[in-house]
Amino acid sequence: MRIAFLSFALAAVLPTTVPAAAATSLLNYVGQCVPFARAASGIQIYGDAWTWWEKAAGHYQRGDLPRPGAVIVFERTTRLPMGHVAVISRVVDRQVVMVTHANWSRQNGERGHAEQDVTLTDVSTRGDWSAVKVWYRDMDGLGSTVYPTYGFIYGTALDNGQPAQPARELTGRAPDYVGALIDVYR
């Protein structure tokens, strides 16, 4: 039942040019970050990524501490005119997490692909995750751009009590914790 639901959920978010049979893995997704984050986190918010923070108010718990399954919401900037959303897959330490997201780095020369267990680090002056740097495949390391964020949306629904169910593929079997820390502290 759960596999059938995941296949159905993936088919619903995949572009129509990709056959539903290819929807065997969340990580096969190619497209925008919003439908991917919705499928990966189970948090049912719609609209541009930067609007998720306000749309979550009164519906989902929000905060400034990362938790697995939570969605981090990036603010709209010149570089990110629609913002960005990513799902926390692992907490490595108080300033380093791993995210699973889509449409960030280029793969095979194109954007939109899903990436699992990508390093994200808090570079805010107060340690509140209001500014982050993201691992960028094209540089094979942590990017130099600092992105402002609103915070984290947790899968705890405030209005109906139904918790969000993150996808099982949110994190890999053997995430590279050491590599994540090296990325940040080198």
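- Under the 4.5 Å side-chain criterion, counting only non-hydrogen atoms from C-beta, Trp104 is in contact with Glu115.
- The closest side-chain heavy-atom distance from Thr77 to Pro148 is below 4.5 Å.
- Residues Val85 and Val30 fall into different hydrophobic clusters, defined by Ile, Leu, Val, Met, Phe, Trp and Tyr side chains chained together at heavy-atom separations under 4.5 Å.
- Under the 4.5 Å side-chain criterion, counting only non-hydrogen atoms from C-beta, Val146 is in contact with Lys133.
- The heavy-atom pair separating Arg90 from Asp117 by the smallest distance is CG-OD1, 4.1 Å.
- The line from NE2 of His84 to CG of Asn103 is 7.5 Å long, rounded to the nearest 0.5 Å.
- With respect to Tyr150, the side chain to side chain contact (heavy atoms under 4.5 Å, CB included) criterion is satisfied by exactly one of Phe74, Trp129, Trp50: Trp50.
- Between Val91 and Pro66 the shortest heavy-atom distance is CG2-O, 3.8 Å.
- Side-chain contact between Arg106 and Tyr136: present, with at least one pair of heavy atoms (C-beta onward) separated by less than 4.5 Å.
- The closest side-chain heavy-atom distance from Val118 to His101 is below 4.5 Å.
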Which pairs would a plain distance check flag for residues 56-63, meaning a side-chain donor or acceptor within less than 3.5 Å of a matching protein atom at least two apart in sequence or in another chain?
from  : atom 1 : to     : atom 2 : distance (Å)
His59 : ND1    : Asp159 : OD2    : 2.6
Tyr60 : OH     : Gln44  : N      : 3.0
Gln61 : OE1    : Arg67  : NH1    : 3.3
Arg62 : NH1    : Trp53  : O      : 2.8

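- The line from CG of Leu170 to CD1 of Ile88 is 9.0 Å long, rounded to the nearest 0.5 Å.
- Note on Leu65: it clusters hydrophobically with Val97, by side-chain heavy-atom contacts below 4.5 Å among ILVMFWY residues.
- Each of Phe36 and Ile43 belongs to its own hydrophobic cluster when Ile, Leu, Val, Met, Phe, Trp and Tyr are linked at side-chain heavy-atom distances under 4.5 angstrom.
- Residues Val99 and Val73 fall into different hydrophobic clusters, defined by Ile, Leu, Val, Met, Phe, Trp and Tyr side chains chained together at heavy-atom separations under 4.5 Å.
- Closest heavy-atom contact between Arg126 and Asp128: NH2-OD2, 2.9 Å.
- Residues Val87 and Val71 share a closest heavy-atom pair of CG2-CG2, 4.1 Å.
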Problem set entry | Full working for side chain to side chain contact (heavy atoms under 4.5 Å, CB included) between Thr119 and Val96 | CA-CA 7 Å; Thr119 303; Val96 181; 4.1 Å; yes
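- Side-chain atoms of Ser89 and Gln116 form no donor-acceptor pair, as typed in the model, at a separation below 3.5 Å.
- With contacts defined as side-chain heavy-atom distances shorter than 4.5 Å, the pair Arg38/Tyr46 qualifies.
- Here the CG-CH2 distance, from Leu120 to Trp135, works out to 13.0 Å after rounding to the nearest 0.5 Å.
- For the pair Ser130 and Asp122, the tightest heavy-atom approach, listed with the atom from each and the gap, is N-OD1, 4.4 Å.
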For this session: With side chain to side chain contact (heavy atoms under 4.5 Å, CB included) as the test, would you mind laying out the steps for Leu142 and Val134 before giving the verdict?
Result: CA-CA 6 Å; Leu142 204 58; Val134 185; 5.7 Å; no
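- Closest of all the heavy-atom pairs between Ala39 and Ala167 is O-CB, 4.1 Å.
- Val132 and Tyr154 fall within the same hydrophobic cluster, defined by Ile, Leu, Val, Met, Phe, Trp and Tyr side-chain heavy atoms under 4.5 Å apart, directly or through other members.
- Side-chain N or O atoms of Ser41 include none that pairs as donor or acceptor with a backbone N or O of Ala70 at under 3.5 Å.
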